[in-house]
Amino acid sequence: MTDRSLPRAVRLATPQAREVVVEVAKLHGVCIRPVPLKRLDTHTRQWETIDVPCGATMDSKCPSCAKRNKQLRMAQCREGWHLDEEPAITPDPASDEQRWLIEFRADIQAQRDQADRLGEDTTDLDAVIVGLDEEINEAGMRGNVLGRTTPKRSRSTRRRQDAPNLPKRTMTNTTLGRVFTGSDGKVYRPSLFVTLTLPSYGKVMNGTPVDPDAYDYARAARDALHFSKLIDRFVQNLRRVAGYDVQYFASVEPQKRLAPHLHMAVRGTLPRAEIKQIAAATYHQVWWPSADEVRFDGDHLPVWEDGIGYLDPATGEVLPTWDQALDQLDADDDAQPAHVIRFGDQVDVKGVLAGTPDADQCIRYLSKYLTKSISEALGRQAQREHAARFVDALRYEPCSPTCPNWLRYGVQPKGAREGMTPGRCRGKAHKPEHLGYAGRRVLVSRKWSNKTLTEHKQDRRTWVLEALGQTDEATDPHRYVWRPVPAGDANLEPLAVRLLRSIHERQRWRAHLRELEAQATGQDPSVTEGVAA
């Protein structure tokens, strides 16, 4: 307890013990927001409470978990960037149970098809098929037996007249780039580090518009909303021009002006001129209903009627559904895309060799902002005002087919339901901390490192256990049953007690690692720095 005889200013200057516990937990890499779960060991029939790390990716939520996730991503980037062997991803052969389920599914499908041809009721058979499809997935098979069952809307693939054409090479079945041999006989397998930005929306200085009134916030908002689609188009064009299955590790970060931009590690190399040509020729057209004319605003908003949908409050006319609005768009031969997004002129391309300082620096740069929120870079008052104007421009922009903002423009959102209100979308893109970008911050192609993120975590776990002299035994996935701890559970210890226990455990691990490191180097363990577990 603080001595109450001390002056108040002195007492307030002393740190609070509870806050110091949290600070020490951060220093030792302990999750400060652990999720308590109950675990039943089906072998011993004993219950115990386990603290599971929250897995946060942002420093503001849990620095320890964010740091671990960042290190995992850095390891993933490093392992896949300069592979010299083709990654082998071969599905496991089907088991007898899986084959039997497919055979049974085929029999039921045949019965359903016959009943449909005879005009009989297929409700019961449809219910059986739904249950069988669930069993097929539970048995360890991916996807749907029938594949895509809804028709995909397609438009002309003819390139826009204002976009340059691209060269196209014959595709080869490889993910590895070209190999070069130097005059000394040394073999080089270079890769690329590419940075792509969005175009200018107005002159900026120190990250803020020189003239906010002239800054095109509407276009900046729409570009941020659809930036992830533009990245997809760039990868498609990159692979067509390269002539092989280009693999990449990319991160999306905010510029000072708050526009998202892309850093991409690319396995293999292409001429810089071709990369810049691909960026200039890449675009994404948004074929959505127009959101330029406001039909409903303020108190004059569409009203919901059960079984019908949203109606015009003045005329009682039913608003067109999302599919009906797209049908009208398809039927109009003169229709134009609602928005076209392109990259800006600034394209940076850098060649990188494996194992060089440049490669390490690029990896650190790729992961630099992964633990930061897109809006976390706001500092000066001018930047905060710029962000506020940007968020205001985003408020009524539709972010997806299901966005309630479509009601403002006279269209029922996809999957419309009662209670939708324009300007109150709960989508990720409309949250101020994301500034319009709703895509993933880290983009990794499927054949990058030949490992999932879970497998990278397991590699880290195996290394720590081996360093501690423990065996990493495979756990029976059916041995434990997990249950959430109910809110207010009297048996759950206070968070501070659980943090103290985790801190002690981390101290013990690090002391053990210091001893092992000292034995390997012949140094005194008391002066050997430990390795973070």
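Everything numeric in this text was worked out from a predicted model, so none of it was measured. One-based numbering along the sequence shown.
Side-chain atoms of T174 and T172 include no donor-acceptor pair closer than 3.5 Å. Remark: the D323 side chain and the T321 side chain contain no N/O donor-acceptor pair separated by less than 3.5 Å. In the model, Q109 has no side-chain atom that pairs as donor or acceptor with a side-chain atom of D107 under 3.5 Å. No side-chain donor-acceptor contact under 3.5 Å links T57 and N69. Looking at H456 and S449, their side chains do bring a donor and an acceptor atom within 3.5 Å of each other.
Side-chain contact check for H261 versus L198: every heavy-atom pair is 4.5 Å or farther apart. When side chains are defined from C-beta on, Q285 counts as touching R160, because their heavy atoms get closer than 4.5 Å. With contacts defined as side-chain heavy-atom distances shorter than 4.5 Å, the pair L166/R240 does not qualify. Between L394 and L225 there is a side-chain heavy-atom pair separated by less than 4.5 Å. In this structure, P254 and P260 have side chains that are not in contact, with every pair of non-hydrogen atoms separated by 4.5 Å or more. For the pair L443/I231, a side-chain contact is recorded, criterion being any heavy-atom separation below 4.5 Å from C-beta on. Within the 4.5 Å cutoff, side-chain heavy atoms of F249 are placed close to those of R73. Under the 4.5 Å side-chain criterion, counting only non-hydrogen atoms from C-beta, N173 is not in contact with Y244.
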Problem set entry | side chain to side chain contact (heavy atoms under 4.5 Å, CB included) assessment of W81 paired with I363 | CA-CA 10 Å; W81 201 355; I363 291 172; 4.0 Å; yes

For this session: Step by step, work out the salt bridge (charged side-chain N to carboxylate O under 4.0 Å, His left out) result for E48 and K38.
Result: CA-CA 6 Å; E48 62 178 333; K38 286 186 174 181; over 6 Å; no

Exercise. Can R105 and D133 be said to form a side chain to side chain contact (heavy atoms under 4.5 Å, CB included), step by step?
Worked result: CA-CA 8 Å; R105 174 71 168 79; D133 287 344; 2.9 Å; yes

Exercise. Under the side chain to side chain contact (heavy atoms under 4.5 Å, CB included) criterion, do E253 and L366 qualify, and how do the steps go?
Worked result: CA-CA 9 Å; E253 301 170 357; L366 274 167; 5.7 Å; no

Exercise. Side chain to side chain contact (heavy atoms under 4.5 Å, CB included) between V246 and V266: does it pass, once the steps are laid out?
Worked result: CA-CA 7 Å; V246 176; V266 178; 3.4 Å; yes

For this session: In sequence, state the C-alpha distance, the side-chain angles, and the governing distance for R342 and D223, and then conclude on salt bridge (charged side-chain N to carboxylate O under 4.0 Å, His left out).
Result: CA-CA 8 Å; R342 305 174 188 268; D223 279 1; over 6 Å; no

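Of the inter-residue distances, the one linking L72 atom CG with S367 atom OG reads 11.5 Å to the nearest 0.5 angstrom. Between the CD1 atom of I278 and the CD atom of Q236 there is a distance of 12.5 Å, given to the nearest 0.5 Å. The distance from atom CG of L370 to atom SG of C77, rounded to the nearest 0.5 Å, is 9.5 Å. Within the model, atoms CG of L125 and CD of Q114 stand 10.0 Å from one another, a figure rounded to the nearest 0.5 Å. A distance of 7.0 Å separates CG in D489 from OG1 in T49, rounded to the nearest 0.5 Å. In this structure, Y480 OH and L40 CG are separated by 10.0 Å, a value rounded to the nearest 0.5 Å.
For E135, there are no salt bridge (Lys or Arg N to Asp or Glu O under 4.0 Å) partners at least two apart in sequence or on another chain. When the side-chain contact (heavy atoms from CB on, under 4.5 Å) test is applied to K229, the partners found at least two apart in sequence or on another chain are D232, H284. Under the rule for a side-chain hydrogen bond (donor to acceptor under 3.5 Å, both in side chains), S290 has no partner lying at least two apart in sequence or in another chain. In this view, H430 satisfies the ring pair (Phe, Tyr, Trp, His ring centres under 6.0 Å) rule with no residue, not counting sequence neighbours. Every residue meeting the salt bridge (Lys or Arg N to Asp or Glu O under 4.0 Å) condition with E274, not counting sequence neighbours, appears here in chain and number order: R169. Listed by chain and residue number, R112, T122 satisfy the side-chain hydrogen bond (donor to acceptor under 3.5 Å, both in side chains) test with D126 (two or more places apart in sequence, or in another chain). The side-chain hydrogen bond (donor to acceptor under 3.5 Å, both in side chains) check on E120 picks up nothing, with sequence neighbours excluded. When the side-chain contact (heavy atoms from CB on, under 4.5 Å) test is applied to R501, the partners found at least two apart in sequence or on another chain are E493, V497, R498. R99 is linked by a salt bridge (Lys or Arg N to Asp or Glu O under 4.0 Å) to D96, counting only residues two or more places apart in sequence or in another chain. With sequence neighbours left out, Y248 forms a ring pair (Phe, Tyr, Trp, His ring centres under 6.0 Å) with no residue at all. Applying the side-chain hydrogen bond (donor to acceptor under 3.5 Å, both in side chains) criterion to E397, with sequence neighbours excluded, gives R222.
Within the 3.5 Å criterion, the main-chain N or O of R441 finds no donor-acceptor partner in the side chain of S251. Side chain of E79 to main chain of Q76: no donor-acceptor pair is present (N/O by atom type, distance under 3.5 Å, no hydrogens or angles). Counting only distance, with no hydrogens or angles, the side chain of T421 and the backbone of R424 share no donor-acceptor pair below 3.5 Å.
Annotation for D84: atom CG counts as buried by contact number, over 12 foreign heavy atoms lying within 6.0 Å. Open room surrounds NZ on K61; 12 or fewer heavy atoms of other groups in view lie less than 6.0 Å from it.
Annotation: cation-pi geometry satisfied between R267 and W448 (NZ/CZ under 6.0 angstrom from ring centroid, within 45° of ring axis).
Counting all heavy atoms, side chain and backbone alike, G143 lies closest to N137 at O-ND2, 2.9 Å. Between N405 and G423, the shortest heavy-atom contact is OD1-N, 2.6 Å. Considering all non-hydrogen atoms of both residues, S191 and H82 come closest at OG-CD2, 3.3 Å. Closest non-hydrogen pair, Q247 versus R239, comes out as NE2-NH2, 3.8 Å. Taking each heavy atom of Y283 and A163 in turn, the nearest pair found is CE2-CB, 3.6 Å. Of all the heavy atoms in G410 and P320, the pair that sits closest is O-CD, 3.4 Å.
Using cut-offs of 30° and 60° for the angle between ring planes, the H263 and Y365 rings count as perpendicular. In this structure, F104 and W100 have parallel ring planes: the angle between them is below the 30° cut-off, well short of the 60° mark. In this pair, W288 and W322 present their aromatic rings perpendicular. The plane angle is above 60°, beyond the 30 to 60° band.
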Which donor-acceptor pairs under 3.5 Å do side chains of residues 411-418 form with protein atoms, sequence neighbours excluded?
residue: Q412; atom: OE1; partner: Y310; partner atom: N; Å: 3.1
residue: Q412; atom: NE2; partner: L319; partner atom: O; Å: 2.8

